[in-house]
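Fair warning: this is a prediction, and the values are worked out from it, not measured in the lab.
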Amino acid sequence: MAWSVFYKSSLPNPILNGKTIQKVSDRKMIPSLLNITIEQVSQGLDDGTFTVTDLVRGYIRRIEEVNDILHAVIQINPSAESAAVSLDKELKRYGRRGPLHGVPILLKDNIVSLEGFSATSGSYLLLGTRSPRESPVVIRLKKAGAVILGSANLSEWTNFRTGSPNWGWSPRGGQTYGAYFDMMGPSGSSSGSAVATDVGLCVVAIGTETRGSLISPAEVNNVVAIKPTVGLVSGDSLIPVSSRQDTVGPMARCVKDAALILQVITGKEGDDTTTAESSLPDYVTSCRPLERGSLRLGVSRYGFESLLPVVQRSFDEVVKSLIERGIDVVDIEYEGTDLYRSLTFEQHLCTMITEFRESITSYLIGLTENPNGLRSLEDLIKATKEDPREGAPAKDVKMWQLALKSNPNSKEYKEGRQRGEYFGGLGGIGGAMGKYRLDAIISPAGAKISNHFAAAGGLPSLSVPLGFMPDDTPVVWAENKDMIIQAPNRPYGINVVGKAYSEEILIKVALEIEGITRCRERARHHILPSVDLVDIIREREMRFKDGS
């Protein structure tokens with residue numbers, strides 16, 4: 001079983017908002033949980049078509065049905081159904097709490113919730129731990145009325161343990177797979193959040209990124225992700241990699257839902273020390289058509305030649321459509337491309353490696369419950385090697401060993417910080433946007449230089465679905481043969497980056513691209529749950545009829 005909490009509901013039938021409820025057979029349309037939007041959730045609750053409890057039960061049933069195959073969810077919140085019942089009562093008596101009233105959301109397993117389950121980053125070593133504070137992001141979601149449905153699988157320790165890509169695998173959750181081809185690699189590290197959102201195991205999910213961990217899994221799982229400017233959304237009460245680069249962001253099936261979640265989770269909360277004070281725009285109102293001639297976009301083609309021809313063609317078709325819609329588009333080059341190309345693996349990750357040791361030690365020391373007594377990186381390495389559930393030695397601890405040798409006062413670290421500032425500034429995104437007078441930069445998401453520059457500079461990025469690999473695409477296995485990384489029907493995406501706090505502009509661009517590609521309408525899943533909302537409503541009505 002791929003989650004920790006498994007039970008059958010014994011809760012009473014939900015309250016139905018005090019309104020006359022139509023029978024299933026009388027309704028013209030009940031949205032499918034595969035593609036239901038936040039707006040449809042709100043509408044359905046308001047008009048009594050379904051309840052929050054119906055939604056939560058539906059998602060739990062869908063998780064039960066496919067999680068042994070996809071391994072997208074680590075655990076279900078044991079309080080999810082009771083929270084749903086409370087929200088149904090609240091809706092009847094007082095109306096909706098906020099814009100997310102009754103919306104079931106999954107959290108990546110490195111985000112701290114005080115809902116009765118531990119954030120473990122996929123490791124058994126943190127099972128049973130407790131943080132003194134709930135993530136400000138979770139607090140804001142619940143204030144807006146969301147139901148915390150549970151935790152999503154991830155690349156263990158957010159893909160910051162082994163020396164090779166560890167996409168979507170964790171000891172607790174197993175190996176996450178994408179739903180478009182058998183054993184499809186999900187990319188990482190917010191793998192479970194992306195897959196669960198894609199196949200309708202939640203309405204939306206929350207992921208995190210240090211360097212590509214939101215954008216990359218969104219790209220290959222046909223969902224939207226927003227990686228905010230570092231400091232826009234709180235990174236407090238998060239199992240960390242780098243306090244300077246870590247950020248939390250939404251994963252959704254459409255741009256508007258992602259924008260709404262960003263609107264909710266943005267800003268400071270309580271004792272939060274990681275979020276900048278800033279005057280924030282309304283991201284939801286950004287979701288409207290662009291005016292002709294209102295934006296100028298740059299196209300980065302670095303790494304373009306390594307992409308499959310179908311990806312190149314799809315990207316060029318989007319560029320052509322944007323131009324036809326009156327958007328000015330120009331090709332660009334980054335000043336820092338040659339430097340970026342020359343760096344070694346360790347140089348690319350130097351700052352993250354150095355910052356991890358201090359960040360993880362601070363997190364471990366701050367835990368109020370710590371069953372394994374972990375208080376340092378040395379403790380983690382020793383315990384990981386000794387616990388057979390953690391997969392050593394097949395899964396190594398190379399990144400941690402590099403972190404042990406690092407030094408924040410070293411020449412290498414200082415040079416790494418300077419490179420990050422250069423890539424986010426004059427040598428990368430900042431320089432290109434100034435030189436070419438741009439509002440944003442777009443590129444195929446597989447050509448990752450723009451995303452890496454954004455991560456290094458703490459700048460925002462956004463991924464939008466672009467297309468699917470054709471049926472004659474050769475199947476390519478990962479080096480260790482545990483997943484397929486290229487296959488027919490595998491999704492691919494388009495990346496949008498910009499200056500700090502330019503999320504409003506990126507959302508506008510993403511919405512325009514979404515209207516061109518319409519990828520959700522063209523999805524052909526290999527694996528999907530069969531249980532849907534209409535089944536849950538029908539079962540509830542039968543129980544009501546039988547008096548049970």
Side-chain angles (χ1 to χ4, degrees), residues 35 37 180 198 215 218-226 252-259 283-333 429 432-433 436-451 454 460-471 473 489-499 502-524:
N35 281 313
T37 65
Y180 290 87
D198 172 46
I215 299 303
E219 169 198 355
V220 303
N221 289 287
N222 196 33
V223 296
V224 175
I226 300 176
R253 292 182 291 268
C254 65
V255 172
K256 188 173 182 180
D257 279 0
Y283 300 117
V284 179
T285 60
S286 302
C287 295
R288 54 191 177 197
L290 290 170
E291 297 178 5
R292 293 186 66 85
S294 60
L295 287 181
R296 181 176 171 87
L297 304 180
V299 171
S300 168
R301 296 184 183 271
Y302 174 82
F304 202 83
E305 67 285 349
S306 66
L307 302 173
L308 291 178
V310 64
V311 179
Q312 298 179 29
R313 288 195 300 271
S314 297
F315 180 78
D316 285 338
E317 287 169 4
V318 168
V319 170
K320 180 181 177 182
S321 295
L322 291 171
I323 294 172
E324 289 172 350
R325 295 180 181 208
I327 296 172
D328 194 10
V329 183
V330 297
D331 281 3
I332 67 165
E333 292 184 359
I429 294 171
M433 294 191 72
Y436 298 99
R437 299 177 288 109
L438 306 175
D439 295 291
I441 297 170
I442 61 174
S443 59
K448 298 184 181 298
I449 189 169
S450 295
N451 185 42
S461 55
L462 198 153
S463 182
V464 189
L466 176 57
F468 304 89
M469 297 294 186
D471 291 342
T473 301
N489 198 38
R490 176 186 179 272
Y492 52 89
I494 188 167
N495 199 24
V496 189
V497 302
K499 296 183 292 186
S502 66
E503 284 81 359
E504 184 179 20
I505 294 173
L506 304 193
I507 288 168
K508 289 178 181 292
V509 175
L511 191 71
E512 203 75 16
I513 294 170
E514 182 180 63
I516 295 169
T517 65
R518 307 179 77 88
C519 285
R520 291 303 302 181
E521 299 174 11
R522 299 187 286 118
R524 294 183 293 123

For Leu307 and Pro444, which heavy atoms make the closest approach, and how far apart are they? CD1-CB, 3.4 Å
Taken to the nearest 0.5 Å, the spacing of Ile215 CD1 from Ser461 OG works out to 3.5 Å
Is Thr517 reaching over with its side chain to a backbone N or O of Pro465, donor-acceptor style, under 3.5 angstrom? yes
From Asn221 CG over to Tyr492 OH, what is the distance, rounded to the nearest 0.5 angstrom? 15.0 Å
For Ile441 and Ala432, the nearest pair of non-hydrogen atoms, with its separation, is CD1-CB, 4.2 Å
Where do Val509 and Leu462 land on the side chain to side chain contact (heavy atoms under 4.5 Å, CB included) test, with the steps shown first? CA-CA 10 Å; Val509 175; Leu462 198 153; over 6 Å; no
Passes side chain to side chain contact (heavy atoms under 4.5 Å, CB included), Lys256 versus Ile507? Steps please. CA-CA 8 Å; Lys256 188 173 182 180; Ile507 288 168; over 6 Å; no
Are any of the side-chain heavy atoms of Thr473 and Phe468 separated by less than 4.5 Å? no
Please report the interatomic distance CD(Glu324) to CD1(Ile516), rounded to the nearest 0.5 Å. 8.5 Å
Closest approach of Ala252 and Asp257, non-hydrogen atoms and distance? CB-CB, 3.8 Å
Sidechain-backbone polar pair: Asp439 side chain, Leu297 backbone, donor-acceptor under 3.5 Å: no
Return the minimal non-hydrogen interatomic distance between Gly498 and Ile429, and the atom names on each side. O-CG2, 3.9 Å
What is the minimum heavy-atom distance between Arg522 and Gly467, and which atoms define it? NH2-CA, 4.1 Å
Could you check Val223, Asn222, Val224 and say which one makes a side-chain contact (heavy atoms from CB on, under 4.5 Å) with Cys519? Asn222
Using only atom types and a distance under 3.5 Å, with no angle test, would you say the side chain of Arg301 pairs donor to acceptor with the backbone of Ala447? no
Does the side chain of Glu219 come within less than 4.5 Å of Asn451's, by heavy atoms? no
For residues Val310 and Arg313, determine if any side-chain heavy atom of one lies less than 4.5 Å from a side-chain heavy atom of the other. yes
Please round to the nearest 0.5 Å and tell me the distance separating atom CG of Leu308 and atom CE of Met469. 4.5 Å
Minimum side-chain heavy-atom gap Glu512-Leu295 below 4.5 Å: no
Closest heavy-atom pair, Gly298 versus Ile332, reported as atoms and distance to 0.1 Å, is CA-CG2, 3.8 Å
How many angstroms lie between OG in Ser314 and CG in Leu466, if you round to the nearest 0.5 Å? 5.0 Å
In Å and rounded to the nearest 0.5 Å, what is the OG to CG distance from Ser463 to Leu506? 12.0 Å
Minimum side-chain heavy-atom gap Arg520-Cys254 below 4.5 Å: no
Hey, is the main chain of Arg253 close enough, under 3.5 Å, to the side chain of Asn35 for a donor-acceptor pair? no
Given side chain to side chain contact (heavy atoms under 4.5 Å, CB included), test Tyr180 with Asp198 step by step and report yes or no. CA-CA 10 Å; Tyr180 290 87; Asp198 172 46; 2.8 Å; yes
Do Ile442 and Phe315 have side chains that get closer than 4.5 Å, going by heavy atoms? yes
Test side chain to side chain contact (heavy atoms under 4.5 Å, CB included) applied to Arg437 and Asp328, step by step: CA-CA 11 Å; Arg437 299 177 288 109; Asp328 194 10; over 6 Å; no
Counting only heavy atoms not in Lys448, do more than 12 fall under 6.0 Å of its NZ? yes
